[in-house]
Amino acid sequence: MERINVIKPWIGAEEAAAASAAIESGWIAQGPKVAEFEFRFAEMVNAQYAVAVSNCTTALHLALIVAGLGPGDDVIVPSFSFIATTNAPVYVGARPVFADVELSHGNLSVATIQAALTPSTRAVILVHQGGQPADVDAIRAFCDPRGIVVIEDAACAAGSRYKDGPVGSASTIAAWSFHPRKLVTTGEGGMITTDNAEWAARAKRLREHGMSVSAADRHKSTLPTAEEYLELGFNYRMTDVQAAIGIVQLRRLPEMLARRREIVAQYQRAFADVAGVRCVADPSFGQSNFQSFWIELDDRFPLDRESLLEHLANHNISARRGIMAAHHQPPYRHNVGQPLPNTDQLTNRSLILPVYHQMTEAEIRHVINAVRAAAGQAAA
Ligand SMILES: *Cc1c(COP(=O)(O)O)cnc(C)c1O
């Protein structure tokens, strides 16, 4: 059996044809395909506006700027997240303040946010970790009246459901990623969604050097335009080649979701009787796209996390350590706030198992039986 990767993007001939058509159109930088991708993405997540950018890190940066965050402001973030979540407030001169997460779903809650509040808290970056939906309504009910902006880091969450709608539909502003480690990919890419017209318009300008007239509008205009550069901007644009790929990927999303959830259901059933293994599962208020499926080990499991990873590697399975914790990384080690016991437990004791669309039944069984064998259990 070939090595089983932790993820493989599901991308192929249709995306290649779409990219090729974009190239042949002669318009390869941000143009009509980006506009179409934005329109379709906004529709999918029930948002009024979508602004495509170069990746989710730049989406978070712009989201913080348009939401008005800057020096002197504290931004509550989960340490239990990819490092970009913590870096983003630093880019605008704000201070990231770490909050703990709930063990059951790995996300912030009202209780963990409350424990991290400071007099300068002006925003929360609410991550939908690994595609697990966070309880946006409860958190906004706490934050909105206090003037604390909830910026959602939905990097992993395209296709996840919150209550009766897609993640994104209950958002003030959300940032998305199209890195190949996520479900929908454009190679690199990101998106901001919001219902706030002013924020969307400003984000569109900021991604394009703060220009008063977009390059696409300038192209359409017959007379030379007199553009101005209204404020300090950036080049955070997506290309039409990427957007053309993204449009095809969005069409694949429902099928991708169904397949991932089916694979995860098999894992959950197969590990239900394995002592010392807890599988991440949907919270009561939504459904994950299972961008990452993790299991958490406790002392009843005969191997520790590192030994289980080694055991899986010896069986040709690439698993991964669980989600990282930013407060253990060099730039943030000095940033000592309150203790984060749940974050430490999850980051130290969990591992991410392979889930990808093309996974065969034999591959799924191989992973299941390798974990069961490590626990001294018969094959499922
Ligand atoms: C992947 C990821 C990011 C960064 O996304 P890029 O598109 O690679 O910049 C940010 N936050 C979370 C939670 C992520 O998983």
Side-chain angles (χ1 to χ4, degrees), residues 6-7 9 11 34 37-38 41 50-65 75-92 96 98-99 101-102 105-108 123-134 136 139 150-160 162 167-168 171 173-193 203 207 234-239 242-243 245-246 249 260 280 288-294 320-327 329 331-332 343 346-347 350 352 355:
V6 75
I7 188 141
I11 187 165
V34 167
F37 186 39
E38 289 171 337
F41 196 85
V51 180
V53 288
S54 47
N55 55 64
C56 183
T57 306
T58 55
L60 286 168
H61 185 187
L62 295 189
L64 284 154
I65 295 176
V75 179
I76 292 179
V77 299
S79 166
F80 185 68
S81 184
F82 183 60
I83 194 79
T85 308
T86 299
N87 287 344
V90 181
Y91 297 154
V92 298
F98 293 123
V101 293
E102 297 294 336
H105 50 64
N107 288 323
L108 299 178
V124 171
I125 301 185
L126 180 59
V127 180
H128 300 277
Q129 192 51 258
Q132 286 287 313
V136 181
I139 288 166
V150 179
I151 295 166
E152 291 173 48
D153 180 342
C156 308
S160 294
Y162 177 64
V167 162
S171 306
I173 188 163
W176 308 80
S177 173
F178 308 120
H179 184 273
R181 178 68 183 82
K182 326 295 182 185
L183 272 69
V184 169
T185 185
T186 58
E188 295 277 1
M191 192 76 81
I192 297 166
T193 56
R207 75 173 164 189
F234 308 90
N235 181 354
Y236 284 172
R237 284 175 299 217
M238 177 184 274
T239 68
Q242 292 167 302
I245 294 170
Q249 285 272 293
R260 295 184 77 81
V280 68
S288 180
N289 63 7
F290 291 111
Q291 182 266 346
S292 288
F293 171 75
W294 65 79
R320 290 280 182 276
R321 290 184 185 85
I323 308 295
M324 62 169 291
H327 73 290
Q329 296 305 311
Y332 299 110
T343 297
L346 281 171
T347 201
S350 61
I352 294 170
V355 180

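Both counts, for ligands and for their atoms, begin at 1 and track the order of listing. Remember, predicted model here, so these are calculated numbers, not experimental data.
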* Ring geometry between Phe178 and Phe41 (parallel below 30°, tilted from 30 to 60°, perpendicular above 60°) -> perpendicular

* Please work out whether the ring planes of Phe293 and Phe290 are parallel, tilted or perpendicular, with thresholds of 30° and 60°. => perpendicular

Under 3.5 Å between some N or O of ligand 1 and some N or O of [X]?
X      : answer
Lys182 : yes
Thr57  : yes
Glu188 : no
Leu60  : no

* To do: Please report which non-hydrogen protein atom sits nearest to atom 7 (O) of ligand 1, along with the residue it belongs to and the distance in Å to one decimal place.
  => Ser177 OG, 2.7 Å

* For atom 11 (N) of ligand 1, what's the nearest protein heavy atom and its distance? -> Asp153 OD2, 2.8 Å

* Is any side-chain heavy atom of Val90 closer than 4.5 Å to a side-chain heavy atom of Tyr332? -> yes

Measure [X] to ligand 1 on non-hydrogen atoms and call it side chain, backbone, both or neither using the 4.0 Å cut-off.
X     : result
Thr85 : side chain
Cys56 : both
Asn55 : both

* Strictly by modelled atom types, are Arg207 and Ser54 linked by a side-chain donor-acceptor pair under 3.5 Å? -> no

* **Ser81 near ligand 1 by a heavy-atom separation under 4.0 Å** => yes

